[in-house]
**Q** 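This is the structure I have questions about; it appears just below.
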Amino acid sequence: MAAAQRIVIENCAIATVDADDTEYASGHVVVADNRIEALGAGRAPEGLENVVRRIDATGHLVTPGLVNTHHHFYQWITRGLATDHNLFDWLVALYPTWARIDEPMVHAAAQGSLAMMARGGVTTAMDHHYVFPRGSGDLSGAIIRAARETGVRFTLARGSMDRSEKDGGLPPDFAVETLEGALAATEATVEEHHDASFGAMTQVAVAPCSPFSVSTELLSQGAELARRLGVRLHTHGSETVEEEKFCHELFGMGPTDYFESTGWLGEDVWMAHCVHMNDSDIAAFARTRTGVAHCPSSNARLAAGIARVPDMLAAGVPVGLGVDGTASNESGELHTELRNALLINRLGAHREKALNARQALRLGTHGGAQVLGRAAETGSLEPGKLADLVLWKLDTLAHASIADPVTALVFGAAAPVTASFVNGRQIVEDGRLLTVDEDAVARSTRAEAQRLARIAAQG
């Protein structure tokens with residue numbers, strides 16, 4: 001076997017986000033091929049062999065790469081629309097446009113979404129894609145191709161909808177699948193693309209969209225399918241008061257009880273939003289180790305409310321951060337969610353200690369890896385884990401006067417990314433992607449957004 005090639009990063013502050021929140025004011029990280037080999041205080045040991053690169057990271061904080069736990073990439077080409085709507089009105093306004101997406105549009109939108117996240121420190125991303133118009137092409141393949149081109153670790157949550165307008169749902173009739181078609185296509189996607197091995201770059205989850213866009217049969221049979229195939233489950237849950245009312249009217253119970261009745265609570269499940277959760281709901285999530293993707297900016301944008309994240313964490317619920325679709329979070333960046341999660345969860349009287357900077361960083365790293373089922377591989381800096389890490393530049397005007405680097409990262413302006421590594425491979429340098437041409441991606445997303453707008457306008 002060839003000897004491991006090493007990258008040595010020195011003279012940096014380090015926040016490992018390990019179980020003990022170990023930090024070093026000035027330390028080193030040694031990467032061997034795609035793994036973290038060693039880290040600690042001071043300079044790296046002398047005599048390391050096959051060192052192909054040394055990085056003097058003076059003025060930087062090194063953290064685990066950020067982990068995004070909820071997104072809808074296709075929405076990159078419908079940003080800036082329906083900006084004063086709540087969730088249901090926003091969906092009604094945009095579904096007719098979304099129902100006309102096709103493979104080139106989805107590929108361009110995925111490139112845009114991934115590029116924006118990656119240049120801001122995301123090393124593991126996910127996409128919940130659930131709109132599959134008839135004749136639209138290989139949308140799952142287009143999304144996975146974009147992730148490979150960008151170089152990020154990726155989970156495709158293969159979504160589905162079978163409850164359309166004629167069944168009392170929100171999507172147009174031609175934008176949904178049949179129960180049988182959705183299950184068959186989901187299984188085929190898992191079989192073709194899911195990699196269960198340690199360090200996998202591509203994984204697939206089973207992800208019916210939401211209680212108000214899928215049938216009970218699709219939820220329950222989707223859960224059975226996921227467990228038969230050994231993959232994770234994802235959906236939206238308890239996002240708005242309207243959803244809670246919908247569940248009570250249609251099913252005679254609240255969202256959490258409904259999910260439990262269909263097999264959708266468990267340590268292999270994570271749900272987006274979970275804004276409207278009472279004490280018993282949080283207890284059920286804690287008891288079953290069901291995960292939550294907290295999306296603070298999107299929840300604020302759509303006036304959905306404030307998720308009870310501090311209470312969830314206190315109860316032992318796994319919680320990560322999500323960008324959510326960029327039609328409800330136009331910035332498309334996860335590193336700004338560290339700050340927004342902290343600030344939004346402090347709103348209200350005497351909530352100044354609801355979340356702190358290190359808890360926010362943990363949500364965006366280890367918490368996200370937990371939620372995606374990958375905490376043994378990534379989400380913290382520890383020997384043997386994958387070399388997914390970010391160098392944040394904190395010695396410029398924006399941050400230099402803040403003594404504590406983690407506080408600077410979370411409370412301060414969005415920090416520049418000097419370098420981002422995924423699987424030991426550098427994908428960002430000085431805030432620019434090394435893997436794709438950002439300007440070309442910008443042009444293609446603009447062109448596809450304009451094409452979609454024209455098609456939608458034609459009805």
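Here the structure is a predicted model, which means the values were calculated and not measured.
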**Q** Which pairs would a plain distance check flag for residues 244-254, meaning a side-chain donor or acceptor within less than 3.5 Å of a matching protein atom at least two apart in sequence or in another chain?
**A**
none

**Q** Taking F132's backbone N and O only, do any of them form a donor-acceptor pair with S136's side chain (distance below 3.5 Å, no angle check)?
**A** no

**Q** Closer than 3.5 angstrom, by distance alone: can the side chain of Q450 be matched with the main-chain N or O of A447 as a donor-acceptor pair?
**A** no

**Q** Please confirm whether the backbone N or O of S297 pairs with a side-chain atom of N329, one donor and one acceptor, at under 3.5 Å?
**A** no

**Q** Given 3.5 Å as the limit, does a donor-acceptor pair link the side chain of R454 with the main chain of A449, or not?
**A** no

**Q** Using the test side-chain contact (heavy atoms from CB on, under 4.5 Å), find all partners of R339 that sit at least two apart in sequence or belong to another chain.
**A** L343

**Q** Mind running salt bridge (Lys or Arg N to Asp or Glu O under 4.0 Å) on D173 and R134 for me, showing each step along the way?
**A** CA-CA 11 Å; D173 295 341; R134 295 167 199 152; over 6 Å; no

**Q** Hey, is R358 close enough to D21 for a salt bridge, meaning N to O under 4.0 Å?
**A** no

**Q** Between the side chains of R287 and E260, is the shortest nitrogen-to-carboxylate-oxygen separation below 4.0 Å, so that they form an ion pair?
**A** yes

**Q** Heavy-atom count around R351 CZ within 6.0 Å, excluding the residue itself: above 12?
**A** yes

**Q** If you measure from OG on S444 to NE2 on H107, what distance do you get to the nearest 0.5 Å?
**A** 8.0 Å

**Q** Donor-acceptor pair, H128 side chain versus H72 backbone, under 3.5 Å?
**A** no

**Q** Under the criterion side chain to side chain contact (heavy atoms under 4.5 Å, CB included), I'd like the reasoning laid out for I402 against L394: C-alpha separation, chi angles, the key distance, then a yes or no.
**A** CA-CA 9 Å; I402 304 176; L394 297 178; over 6 Å; no

**Q** Keeping the roles fixed (side chain from S420, backbone from I427), state whether a donor-acceptor pair exists under 3.5 Å.
**A** no

**Q** So, R451 and D102, do they make that salt bridge, N to O below 4.0 Å?
**A** yes

**Q** Kindly say whether V190 contributes a backbone atom to a donor-acceptor pair with the side chain of R158 at under 3.5 angstrom?
**A** no

**Q** Are the side chain of D388 and the backbone of N423 linked by a donor-acceptor contact shorter than 3.5 Å?
**A** yes

**Q** If you measure from the Lys or Arg side-chain nitrogens to the Asp or Glu carboxylate oxygens, is any gap between R432 and D439 under 4.0 Å?
**A** yes

**Q** Hey, what do you get for CD1 (I306) to NE2 (H294), rounding to the nearest 0.5 Å?
**A** 8.5 Å

**Q** Quick one: pull up NE2 in H236 and SG in C274 and give me the separation to the nearest 0.5 Å.
**A** 10.5 Å

**Q** Under 3.5 Å, is there a donor on one side chain and an acceptor on the other for H70 and D324?
**A** yes

**Q** Closest approach of L225 and E187, non-hydrogen atoms and distance?
**A** CD1-OE1, 3.7 Å

**Q** Quick one about E382 and T16 (side-chain donor to acceptor, distance below 3.5 Å, no hydrogens or angles considered), yes or no?
**A** no

**Q** Classify the side-chain pair N278/S280 by whether it contains a donor and acceptor separated by less than 3.5 Å.
**A** yes

**Q** How many angstroms lie between NZ in K166 and CZ in R163, if you round to the nearest 0.5 Å?
**A** 10.5 Å

**Q** Which distance, rounded to the nearest 0.5 Å, do you find between the CG of L361 and the CG of L355?
**A** 12.0 Å

**Q** Which atom pair, heavy atoms only, marks the closest approach of L334 to G322?
**A** CD1-C, 3.8 Å

**Q** Would you check, one step at a time, whether the test side chain to side chain contact (heavy atoms under 4.5 Å, CB included) holds for L452 with R100?
**A** CA-CA 7 Å; L452 177 57; R100 289 165 173 81; 4.0 Å; yes

**Q** Would you compute the distance between atom CZ of R301 and atom SG of C295 and round it to the nearest 0.5 angstrom?
**A** 13.5 Å

**Q** Consider only side-chain N and O atoms of E243 and H273, and report whether a donor and an acceptor are under 3.5 Å apart.
**A** no

**Q** Donor-acceptor check, side chain of H129 to backbone of V131, threshold 3.5 angstrom: yes or no?
**A** yes

**Q** Taking all heavy atoms of V152 and all of A118, pick out the closest pair and write down the distance.
**A** CG1-CB, 4.0 Å

**Q** Give a yes or no answer on whether the side chain of R232 reaches the backbone of V371 with a donor-acceptor pair at less than 3.5 Å.
**A** yes

